[in-house]
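All chains are named by letter (A, B, ...) in the order of the sequence lines, taking the proteins before the strands, and each is independently numbered beginning at 1.
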Amino acid sequence: MTDQQHLQTLSDIRRMMERSSRFLSLSGLSGISAGISALAGAAIARKWLVDYYYRWNTSGVHNHDDFELLKFRLIVLGFCVMIVALCGGAFFTWRKARRNGLPIWDRTARNVLINVALPLAAGGAFIGGLLFNHLETLVAPTCLVFYGLALINTSKYTLPDVRYLGILETILGIVNLFFLRKGLYFWAIGFGLLHIIYGALMWWKYERKGSLQSIS
Amino acid sequence: MNPIGNLNKIFESRIRLGVMSILMVNDEVNFNDLKQMLEVTDGNLASHLNTLEENGYLKVHKGFIGRKTNTTYAITSAGEKAFKGHLVALEYMIKFTK
């Protein structure tokens, strides 16, 4: 065997170790599409909030039913944004996996989902508790903190850069705790802006070459 | 010293090398996942797994999920040691035989 063959063997080993333990099909474009859905959602939420405060100021009294309706609409909007973001993310990731000839659903994908779902489920239950106790102002920072921790937790099983996104989301959530009524803006930064920046960086770092090759 | 003396003959097959690489970084992997990752046929993979097991590099655990068999494989400490030795030998070769 020549040196060339031995080098080939070593790179085979590296590739197998990485491919079997990390889900590498996560696409940067997923991040960008999730970020755009979050920003669109934030814009709609802002309009609803502005309208609500306008009604409050013109009538001069706090309308309990109006507030409950606003709360309900915002929760539904949140779920809708999440579903749109997940669908976009799944689509771009599926596309990347297919291009690279990798399976989309294997043990690495399972690892990512389980490890992201555990902290998110804890966060979801926690937020349920906050809403139950009428602590709405704490919802936005809690979302950011638990989402950040979920990303940190799952970064062991996918692109290592996810860890930095997770750290930033967590910090942003904690800062948000000190600016409680600005939750919407922190949401827009955390779920919108950070996702778009992260997605663009990841696309640039891991996918640019591949997609240029497939065009030419 | 013979530069290739430390290479382990067992790991000369690419499939066996692949199995060991995967098991180095995963606690327990089942047959189907190994097959999917290595892109080999059942029979081929089974015979390579047998060789590794006979040499004491693999722990085999036969189980069931419902009625379907689910056989999982894990690396033994002997296997881990042997594989690391093989990697060191490979590295040594590339560095010092130029």
Item to complete: Decide yes or no on side-chain contact (heavy atoms from CB on, under 4.5 Å) for A:Leu24 and A:Asn100, but give the supporting numbers first.
Response: CA-CA 10 Å; A:Leu24 298 170; A:Asn100 296 340; over 6 Å; no

Note: vs chain B, highest number of non-hydrogen pairs under 4.5 angstrom among A:Arg14, A:Glu18, A:Arg19 is A:Arg19

Honestly, the part of A:Asp106 sitting under 4.5 Å from a heavy atom of chain B is both

The interface call for B:Val19 against chain A, heavy-atom contacts under 4.5 Å, is neither

Next item on the list: Evaluate the side-chain contact (heavy atoms from CB on, under 4.5 Å) criterion for residues A:Cys87 and A:Ile83: first the C-alpha distance (whole Å), next the side-chain angles of each, then the deciding distance (0.1 Å), finally the verdict.
Entry: CA-CA 6 Å; A:Cys87 290; A:Ile83 289 164; 4.2 Å; yes

Whatever's closer than 4.5 Å to a heavy atom in chain B on A:Arg110 counts as side chain

Note to self: Taking B:Lys62 first and then B:Glu53, would you say they form a salt bridge - that is, a charged N and a carboxylate O separated by under 4.0 Å?
What the structure shows: no

Quiz prompt | Sidechain-backbone polar pair: A:Thr93 side chain, A:Gly89 backbone, donor-acceptor under 3.5 Å | solution = yes

